[in-house]
Amino acid sequence: MLEPEIRRLIREETRFRTGLGFDVHRLAEGRRLILGGVEIPWERGLEGHSDADVLAHAVMDALLGAAALPDIGVHFPDTDPRWKGADSLELAAAVADLVRQKGYEIEGVDAMILAERPKLSPHFPDMQANLARALKVRPDQVGVKATTTERMGFPGRGEGMAAMASALLRARTP
Ligand code: MG
């Protein structure tokens, strides 16, 4: 039988938290397409106050959610001129700092982009490397995937792109 104190410490050591994130941006002419910090040459790009990196935004909200912190709209409001044209990877680095300040380590994130075109898989390694650098984790702790929506709905019609993400945090022992 383990002593109650040791039981408590084991429980603390293995305290995990999950979070989820979701984001959508509209596609527009004359905008750059930036996903996971990678600029992808294409005829249109995502519209938004920042660089509209829908993948980074979903990952950030997953991390914030896992730490029970407010969403990115609260931290980086689109009415604030400071975030106009912002590099979302810099915002992601700030989010990772907030999560660590609250006492958590990032175990991993996973994300899924919903987009009909262009083909994104050749860019996954660069997206993983960029997100990992911003979050100060290894690339193998960052999953990036994509799917079409079979030409249905707003991603399928090419009106926009969406991304969803999950994050797993581990509480640091006091
Ligand atoms: Mg967004």
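Both backbone and side-chain heavy atoms feed into the values below; hydrogens, waters and symmetry mates do not. All residue numbers refer to positions in the sequence shown, counting from 1. Keep in mind it's a predicted model, so treat the numbers as computed, not measured.
Using a 4.5 Å heavy-atom threshold, the side chains of Q128 and Q141 count as separate. Under the 4.5 Å side-chain criterion, counting only non-hydrogen atoms from C-beta, N130 is in contact with R133. Side-chain contact between L55 and M127: present, with at least one pair of heavy atoms (C-beta onward) separated by less than 4.5 Å. The closest side-chain heavy-atom distance from V144 to P125 is not below 4.5 Å. Between E107 and L169, every side-chain heavy-atom pair lies at or beyond the 4.5 Å cut-off.
To the nearest 0.5 Å, atoms CD1 (I40) and CG (L46) are separated by 9.0 Å. With values rounded to the nearest 0.5 angstrom, D53 atom CG is found 11.0 Å from E39 atom CD. To the nearest 0.5 angstrom, M164 atom CE is 13.5 Å from D61 atom CG. With rounding to the nearest 0.5 Å, the separation of OG in S121 from NZ in K145 is 13.5 Å. Note that the CD1 atom of I113 and the NE2 atom of H123 stand 10.0 Å from one another [nearest 0.5 Å].
The two residues L89 and A134 come nearest to each other via the heavy atoms O-CB, 3.5 Å. Heavy-atom minimum distance, M161 versus R117: CE-O, 3.5 Å. Nearest heavy atom pair, residue L120 against residue A146, reads CD1-CB, 4.1 Å. Of all heavy-atom pairs between V109 and A167, the closest is CG1-CB, 3.8 Å. Contact detail for V24 and A162: the closest heavy-atom pair is CG2-CB, 3.9 Å.
Hydrophobic clustering keeps L131 apart from F22 (ILVMFWY residues linked when any side-chain heavy atoms are closer than 4.5 Å, directly or through intermediates). Hydrophobic cluster membership differs between L135 and L20, with clusters built from Ile, Leu, Val, Met, Phe, Trp and Tyr side chains linked at under 4.5 angstrom. Under the 4.5 Å side-chain heavy-atom criterion for grouping Ile, Leu, Val, Met, Phe, Trp and Tyr, L64 is not connected to M112 through any hydrophobic cluster. No single ILVMFWY cluster, assembled from side-chain heavy atoms under 4.5 Å apart, contains both I34 and L27. Residue V95 is grouped with residue L91 when hydrophobic side chains (ILVMFWY) are merged at heavy-atom distances under 4.5 angstrom, including chains of intermediate members.
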Result block: side-chain N/O donor-acceptor pairs under 3.5 angstrom for residues 151-158, not counting sequence neighbours:
from : atom 1 : to   : atom 2 : distance (Å)
R157 : NE     : E159 : OE2    : 2.7

Side-chain atoms of residues 67-76: list all donor-acceptor pairs with protein atoms under 3.5 Å, sequence neighbours left out, distances to 0.1 Å.
from : atom 1 : to  : atom 2 : distance (Å)
D71  : OD1    : G73 : N      : 2.8
D71  : OD1    : V74 : N      : 3.3
H75  : NE2    : P70 : O      : 3.2

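More than 12 heavy atoms of other residues, nucleotides or ligands shown are found within 6.0 angstrom of CD on E43. Within 6.0 Å of atom CZ in R44, more than 12 heavy atoms from other residues, nucleotides or ligands are found, so the atom counts as buried in its surroundings.
Sorted by first and then second residue, the salt bridge (Lys or Arg N to Asp or Glu O under 4.0 Å) pairs with a member in residues 84-101 read D97-K136, R100-E105; sequence neighbours excluded.
For the residue pair H49/D78, the side-chain donor-acceptor check at 3.5 Å is not satisfied. The closest side-chain donor-acceptor pair between D51 and S88 falls under 3.5 angstrom. A side-chain donor from one of R17 and Y104 sits under 3.5 Å from a side-chain acceptor of the other.
Residues R31 and E47 are not paired through a salt bridge, judged by the lack of any N-O separation under 4.0 Å between the basic side chain and the carboxylate.
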